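What follows is one structure encoded as structure tokens, with my remarks underneath.
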Amino acid sequence: MSAPLDPGTPGTEHEAPGTEHEAPGTRSGAAPAASGAAPPAASGTDAPAAETGEWRRLDARTLLVHCGWLAAPLGSAALTALATGGQITAKAWFTLGALAVSFAVVTTIGLIRWARTEFRITVSPSREGGAGDGDGQGGARTFDVRSGLLTRRLRSVPLHRIRTVDLTASPLHRLLGVTVLRAGTAGSGFGSKDLSLEALAAPEAERLRAELLAYADPDATANDPVLARISWRWLRYAPLTFWVIGGVFVAAGSGYRVLDGIGIVPWKLGIVRRAFTELGAGALWLTIPAVLLAVLALGSVGSVVLYIENWWSYCLEWTDARTLRVRRGLFTTRAVTIERARLRGVLLREPLLLRAGGGATVRAVAGGLGSREENRKRSGLLPPAPRTEALRVAGGVLRSPFPGDGSPAALTPHPRVALRRRRVRGLVFVVLPGSAVLAGLGLAFTPVLLHCAWIYAVVSTAVVLWLARDAYRSLGHGVDGPYLVARSGTVSRDTLALQRDAIAAWTFTTSPFTRRAGVVTLTAAVAAGDNGYRIPDLAAEEAPGFAAATAPGILEEFLVHPGKAGHLPEQRAH
């Protein structure tokens with residue numbers, strides 16, 4: 001017997017073997033309508049007939065999406081056949097048999113998922129005395145998704161708890177004319193799951209997205225300013241990212257795996273062996289600079305290509321008074337929406353190379369963006385761009401000037417002992433181990449490595465001392481109106497502007513070394529972004545007072561002298 005679902009419980013999920021739970025029916029007097037009804041207006045008026053609870057299915061092209069992963073092994077089998085002159089070996093027959101079995105299994109799973117996955121938007125009368133969803137209609141609007149074969153599962157989320165609705169389409173999705181819709185809810189964070197539908201026809205996905213985000217504030221405006229659009233002059237910042245080097249190694253690793261899969265060993269190729277035979281030891285000295293130049297050249301080209309693919313047609317805009325939207329992508333398109341009520345701040349990020357070129361990026365600190373990995377993919381608001389542009393966009397997102405304008409002089413510096421700690425860590429963990437290893441190898445094998453050891457020690461010491469000073473100069477914290485501002489890092493210098501009223505808790509972290517140095521790491525816990533943001537190496541006697549003044553009402557009961565917010569008992573620190 002089917003048990004009724006209480007739509008007033010946010011984010012409820014029901015599972016029971018062999019049973020099916022459905023949300024309550026439609027509003028009294030509402031007539032059913034076709035699933036393609038137009039989305040409701042953003043003015044808070046009554047919902048259209050599509051909300052009366054008619055179940056809708058995924059697009060039938062979902063089956064082709066599920067089989068898309070077979071393209072890689074089929075391509076590998078084709079390359080193997082070409083490499084062997086068209087002969088089908090026993091290994092190839094085994095591969096083809098495994099592909100056939102996999103195809104049958106994947107097709108069956110895809111067919112079941114398509115046939116047994118349904119969704120709807122429904123309006124149910126709220127329980128007597130219960131609270132509605134805040135739209136003033138007296139009913140609970142919910143987004144329901146049910147799926148499963150033996151164990152039927154129904155996930156029902158009130159519309160007022162949906163914070164983000166993203167549309168993502170890979171090249172395969174775009175080829176088939178479908179897209180993936182992912183709805184993030186309030187409280188989405190590490191370990192939580194969004195409501196995801198794969199795959200919907202692109203027009204249907206746009207209509208559903210409009211329905212889910214239709215209930216804007218009454219004061220919403222339809223034509224808020226566009227904060228930023230792509231400028232191809234920013235391409236000069238593309239090589240100043242990690243991918244200029246890391247991307248080459250990723251591509252080289254992928255290429256090696258392909259060659260290894262078809263039985264080709266690169267260093268056994270005839271052209272490579274002949275080069276080393278003719279040049280002898282000189283080939284090694286020619287290879288090293290050639291490889292470095294090739295890495296830089298290929299990395300620069302690859303980073304530009306990746307930049308174009310990721311940020312093609314980029315546009316950051318306020319679609320209404322409460323919704324921020326980012327659209328971007330060439331082959332894989334992405335449209336991310338962030339509700340203003342869930343936007344807790346912004347992060348101005350300046351990686352070392354990008355900072356040297358005068359550039360920066362901007363990321364959102366917002367709830368409802370999923371797990372840490374999903375948050376990393378979906379929180380980007382601005383590609384690598386001029387720092388002045390980054391500050392302007394960050395201020396536009398906050399609807400106020402960026403706190404402190406990102407200037408180190410506007411922040412409170414940290415104690416001098418923080419510089420000493422960074423110098424010591426660099427010398428102990430970078431200079432000493434490398435020098436010791438090279439010196440040991442030199443004593444065991446060749447005196448040449450002894451010279452390498454002292455050269456490494458001199459160069460690495462200079463680099464470590466410079467980076468330590470830069471890291472110390474980057475340290476700073478302060479309060480600017482409603483925002484906590486924190487700055488740290490050298491490889492990636494991050495300036496955080498976080499709403500003070502979003503801080504849920506403080507964590508004071510110490511070790512025997514930090515206690516001896518008289519410093520503490522303060523972490524602000526917030527239900528958004530990375531869930532916690534560190535302020536390293538604050539003076540231990542100042543940290544409790546700063547935390548209590550930044551977010552009143554959290555630490556007062558733990559302070560020795562509540563009226564003087566200056567000392568925090570170590571055994572009661574949280």
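In what follows, every heavy atom counts, from backbone to side chain, and hydrogens, waters and symmetry copies are set aside. Since this is a predicted model, take the numbers as computed values, not measurements.
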Measure the shortest side-chain to side-chain distance between [X] and [Y] over non-hydrogen atoms and say whether it is less than 4.5 angstrom.
X	Y	answer
Val362	Leu348	yes
Tyr314	Val326	yes
Arg340	Leu324	no
Asp59	Glu204	no
Leu208	Ile121	yes
Arg334	Thr332	no
Ser156	Thr122	no
Phe119	Leu200	yes

Open item on the list: I'd like to know whether CH2 of Trp234 has more than 12 heavy-atom contacts from other residues, nucleotides or ligands below 6.0 angstrom.
Closed with: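 Correct, the count exceeds 12.
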Examine distances only and state if a side-chain atom of [X] and a backbone atom of [Y] form a donor-acceptor pair shorter than 3.5 Å.
X	Y	value
Arg500	Gly481	yes
Arg152	Gly148	yes
Arg392	Leu227	yes
Thr179	Thr168	yes
Thr333	Gly329	no
Gln499	Leu343	yes
Tyr307	Pro384	yes

If you look at every heavy atom in [X] and [Y], which pair is closest and at what distance?
X	Y	result
Trp318	Gly396	NE1-O, 3.4 Å
Val393	Ala228	CG2-CB, 3.9 Å
Phe143	Arg120	CD1-O, 3.4 Å
Ala528	Arg344	CB-CG, 3.6 Å
Ser147	Thr117	CB-OG1, 3.8 Å
Ala527	Arg342	O-NH2, 4.2 Å

Measuring from [X]:[atom1] to [Y]:[atom2], what's the distance to the nearest 0.5 Å?
X	Y	atom1	atom2	answer
Arg327	Arg229	CZ	CZ	6.5 Å
Glu118	Leu154	CD	CG	10.5 Å
Arg376	Arg378	CZ	CZ	12.5 Å
Leu484	Tyr533	CG	OH	11.5 Å
Ile338	Thr319	CD1	OG1	11.0 Å
Asn531	Asn375	CG	CG	8.0 Å

- [ ] Answer with yes or no after comparing the ring centroid distance for Trp232 and Trp311 against a 6.0 Å cut-off, counting only values under it.
- [x]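 That pair fails the under 6.0 Å test.
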Open item on the list: For Thr361 and Tyr237: C-alpha separation, side-chain torsions, deciding distance, then whether side chain to side chain contact (heavy atoms under 4.5 Å, CB included) applies.
Closed with: CA-CA 10 Å; Thr361 64; Tyr237 294 102; over 6 Å; no
- [ ] Determine, step by step, whether Val526 and Ile503 satisfy the side chain to side chain contact (heavy atoms under 4.5 Å, CB included) criterion, reporting the C-alpha distance in whole Å, the side-chain angles of both residues, the deciding distance to 0.1 Å, and the verdict.
- [x] CA-CA 5 Å; Val526 57; Ile503 299 174; 5.5 Å; no
- [ ] Using the side chain to side chain contact (heavy atoms under 4.5 Å, CB included) rule, take Val346 and Leu398 through it: C-alpha gap first, then chi angles, then the decisive distance, then the call.
- [x] CA-CA 8 Å; Val346 296; Leu398 296 177; 3.9 Å; yes
Open item on the list: Checking Arg363 against Ser379: is there a side-chain donor and acceptor pair closer than 3.5 Å?
Closed with: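 Side-chain D/A pair, Ser379 to Arg363: present.
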- [ ] Please lay out, stage by stage, how Glu198 and Leu58 fare under the test side chain to side chain contact (heavy atoms under 4.5 Å, CB included).
- [x] CA-CA 7 Å; Glu198 183 182 355; Leu58 303 177; 5.7 Å; no
